[in-house]
Amino acid sequence: MAVSRRLFVTVATALAVTGPPALTASAAPADPRYRIPVSPDDTEADLVRKASQVRPTQRQITWQRLERTAFLHFGVNTFTGLEWGTGDEDPDVFQPAGLDTDQWARALRDGGFKLAILTVKHHDGFVLYPSRYTDHSVGSSSWRGGRGDVLRSFADSMRRHGIKVGVYVSPADENQYLHGVYANGSARAEHVIPTPVPGDDRSPSRSYTLPATDYGAHMLNQLYEVLTEYGPIDEVWFDGAQGRIPPDKVEKYDWDSWYTLVRSLAPDAAIAVSGPDVRWVGNEGGLAREDEWSVVPVQEKDYGRTDYALAYDAADMGSRDALVKAQPVADYLQWWPAECDVSIRDGWFYHADQQPKTVDELTDIYFRSVGRNSVLLLNVPPDTDGLLPAADVVRLRELRERVDRELPEDLARGARTTTGPGRVTVDLGTEREVDRIRLAEDVRYGQQVESFVVEASAGGAWTEVARAGTVGLSRILLLPGAVRARQWRVRVTGARGGVRISEFGLYRSRV
């Protein structure tokens with residue numbers, strides 16, 4: 001069954017403000033179908049119709065097809081043993097004497113990962129490159145004589161091994177709070193980005209005048225450095241964490257300006273998970289919902305931040321009932337697919353007394369994330385030497401080998417396929433045993449399937465072997481036992497609009 005690869009292309013969503021000699025960023029997507037406004041007057045039928053019309057952007061499809069992505073939490077916490085740093089660490093504590101980012105890249109490549117995200121800055125504010133805008137960085141450490149640059153090494157290594165590059169720049173910043181910048185109560189004002197500093201030898205060809213608080217401008221300047229000096233960036237990851245500050249203080253993040261800068265400097269980058277492209281699934285166990293919708297109700301808050309209309313951990317995020325339930329507060333129905341983050345160890349940073357999860361645990365997470373229309377984001381923290389621990393490297397390889405055995409050759413590849421309204425039938429030519437089924441919709445036309453059954457025939461009547469709800473870009477069904485049959489079909493029993501099945505894979509696991 002041939003699958004077309006033509007994808008819709010859209011431009012960024014962000015609030016743009018220009019500055020001399022600025023490059024203007026678009027305030028709305030050229031193809032607005034990734035989000036459709038809703039009204040309190042919409043009926044359930046209206047909501048379902050609108051949901052059926054939502055389409056992903058090119059960058060969202062590209063991101064969802066990655067399936068397995070990696071997180072690397074690395075910084076001063078690696079050496080202090082903390083999970084959330086204090087911001088007053090001595091930069092000299094950062095001493096990864098054996099740093100080998102090529103070792104990271106080889107391990108991730110061999111584990112089947114397509115993109116890796118580095119914690120360029122965590123909540124403590126320590127930066128893994130020599131920034132012009134803070135002394136809390138590798139540039140203030142005696143490591144490599146103050147000339148070390150983890151981000152440079154990371155980006156070069158990942159690209160050298162065919163892995164896309166992502167960056168996590170924490171909105172929370174304990175160090176900038178201690179310096180009176182974060183949560184200092186400053187009003188939003190226009191700032192020229194990049195902001196010149198003494199001894200600055202840059203002659204930027206593009207600059208931006210954007211509204212921001214004092215700290216918001218600090219973030220913009222660091223984002224500018226990261227997005228202009230380290231090559232193409234494919235994912236920019238923000239969380240929504242607030243610093244550990246007194247209850248009478250707050251830092252309201254300048255999301256609109258941050259999005260504008262990212263869209264202008266890295267137009268192909270997905271912005272997650274406090275961003276318009278990707279949402280957090282709602283837990284840190286790596287587990288998607290049984291029926292995970294990419295089309296969900298959202299509201300826009302806090303200077304343009306895309307936010308949940310329902311609770312972030314709601315058991316149902318996108319069904320018909322969920323659309324109706326969210327209607328009083330929802331502004332849009334949006335293509336906002338889920339990312340499932342989880343650490344290979346108990347902590348996000350390396351701790352010598354922790355061990356990686358078993359291959360059985362990781363395989364289960366794979367099927368309950370990638371197999372449920374989501375992308376797996378697996379954290380693998382480097383140790384104090386600057387290496388991925390040997391046990392973790394082994395586990396990554398074991399996970400890839402296990403998934404390859406769970407889903408070996410697709411028995412339906414090259415088989416005779418027929419299609420009809422709401423169904424796809426595959427004739428294998430002879431009876432074969434199957435215990436794994438993989439389905440996908442052609443999401444260029446939206447996510448439409450609400451329920452379906454899979455049936456098999458060995459020359460007689462059709463027998464149901466599985467049933468489920470959503471499909472989306474990836475749905476993997478694990479049958480309780482092998483079923484032997486020649487003919488197989490998927491039959492859609494409920495849908496929002498016209499269904500296009502792009503993949504109907506049949507497998508016999510070798511586990």
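Because the structure is a prediction, the values reported are computed rather than measured.
When only modelled atom types and interatomic distance are considered, Ser474 and Asn373 share no side-chain donor-acceptor pair under 3.5 Å. No side-chain donor-acceptor contact under 3.5 Å links Ser502 and Asp442. Between Ser274 and Arg305, the side chains place a donor N or O and an acceptor N or O closer than 3.5 Å (distance only, hydrogens not considered). In the model, Thr363 has no side-chain atom that pairs as donor or acceptor with a side-chain atom of Asp360 under 3.5 Å. Between the side chains of Ser186 and Asn184, at least one donor N or O lies within less than 3.5 Å of an accepting N or O. With no hydrogens or angles considered, a side-chain donor-acceptor pair links Ser131 and Glu225 at under 3.5 Å. At a cut-off of 3.5 Å, with distance as the only test, no side-chain donor of Trp335 or Gln447 sits close to an acceptor on the other residue. Side-chain contact annotation: His136 with Glu89, donor-acceptor N/O pair under 3.5 Å present. Looking at Ser140 and Asp135, their side chains never bring a donor and an acceptor atom within 3.5 Å of each other.
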Evaluation steps, side-chain hydrogen bond (donor to acceptor under 3.5 Å, both in side chains), between Ser343 and Glu284: CA-CA 8 Å; Ser343 186; Glu284 293 185 343; over 6 Å; no

Check against salt bridge (charged side-chain N to carboxylate O under 4.0 Å, His left out), Arg263 and Asp277: CA-CA 11 Å; Arg263 287 290 194 243; Asp277 297 319; 2.9 Å; yes

Steps toward ring-ring contact (aromatic ring centres under 6.0 Å, His included) verdict (Trp336, Tyr34): CA-CA 8 Å; Trp336 207 28; Tyr34 94 108; over 10 Å; no

Salt bridge (charged side-chain N to carboxylate O under 4.0 Å, His left out) evaluation trace for Asp173 with Lys121: CA-CA 8 Å; Asp173 194 316; Lys121 182 182 76 166; 2.9 Å; yes

Arg244 vs Glu174, salt bridge (charged side-chain N to carboxylate O under 4.0 Å, His left out): CA-CA, chis, key distance, verdict: CA-CA 7 Å; Arg244 294 179 297 191; Glu174 302 290 349; 3.7 Å; yes

From CA spacing to verdict: salt bridge (charged side-chain N to carboxylate O under 4.0 Å, His left out), Arg188, Asp256: CA-CA 12 Å; Arg188 294 226 303 177; Asp256 51 1; 3.0 Å; yes

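At most 12 heavy atoms of other shown residues, nucleotides or ligands fall within 6.0 angstrom of atom NZ in Lys164. The number of heavy atoms from other shown groups lying within 6.0 Å of CD (Glu409) does not exceed 12. Within 6.0 Å of atom NE2 in His351, more than 12 heavy atoms from other residues, nucleotides or ligands are found, so the atom counts as buried in its surroundings.
The shortest heavy-atom contact between Gly347 and Glu83 is CA-OE2, 3.8 Å.
Here the rule is side chain to side chain contact (heavy atoms under 4.5 Å, CB included) with Asn175, and of Val76, Thr86, Thr134, Val127 only Thr134 fits it.
Applying the ring-ring contact (aromatic ring centres under 6.0 Å, His included) definition to pairs two or more places apart or across chains, those involving residues 262-290 are Trp280-Tyr312. For residues 378-396, the pairs satisfying salt bridge (Lys or Arg N to Asp or Glu O under 4.0 Å) are Arg345-Asp392, Arg395-Glu398, with sequence neighbours left out.
Note on ring orientation: taking the six-membered ring where Trp is involved, the planes of Trp255 and Tyr259 are tilted (angle from 30° to 60°).
Under a 3.5 Å cut-off, the side chain of Gln448 and the backbone N or O of Tyr445 do form a donor-acceptor pair. Although no hydrogens or angles enter the test, the distance criterion places a donor-acceptor pair under 3.5 Å between the side chain of Gln60 and the main chain of Thr57. Judged by distance alone, the side chain of Arg475 and the main-chain N or O of Val370 form no donor-acceptor pair under 3.5 Å. Although no hydrogens or angles enter the test, the distance criterion places no donor-acceptor pair under 3.5 Å between the side chain of Arg397 and the main chain of Ala107. At distances below 3.5 Å, at least one donor-acceptor pair connects side-chain atoms of Asn283 with backbone N or O atoms of Gly286. Counting only distance, with no hydrogens or angles, the side chain of Asp435 and the backbone of Leu479 share no donor-acceptor pair below 3.5 Å. Using modelled atom types, no side-chain atom of Arg436 and backbone atom of Leu478 make a donor-acceptor pair closer than 3.5 Å.
For Arg279, the salt bridge (charged side-chain N to carboxylate O under 4.0 Å, His left out) partners at least two apart in sequence or on another chain are Glu292. Residues satisfying the ring pair (Phe, Tyr, Trp, His ring centres under 6.0 Å) criterion with Tyr215, sequence neighbours excluded, are Tyr182, His218. The ring pair (Phe, Tyr, Trp, His ring centres under 6.0 Å) check on Phe71 picks up His73, Tyr168, Trp237, with sequence neighbours excluded. In this structure Phe94 satisfies the ring pair (Phe, Tyr, Trp, His ring centres under 6.0 Å) test together with Phe74, Phe79, Phe126, Trp143, sequence neighbours excluded.
Taking the charged nitrogens against the carboxylate oxygens, Arg106 and Asp102 have no contact shorter than 4.0 Å, which rules out a salt bridge.
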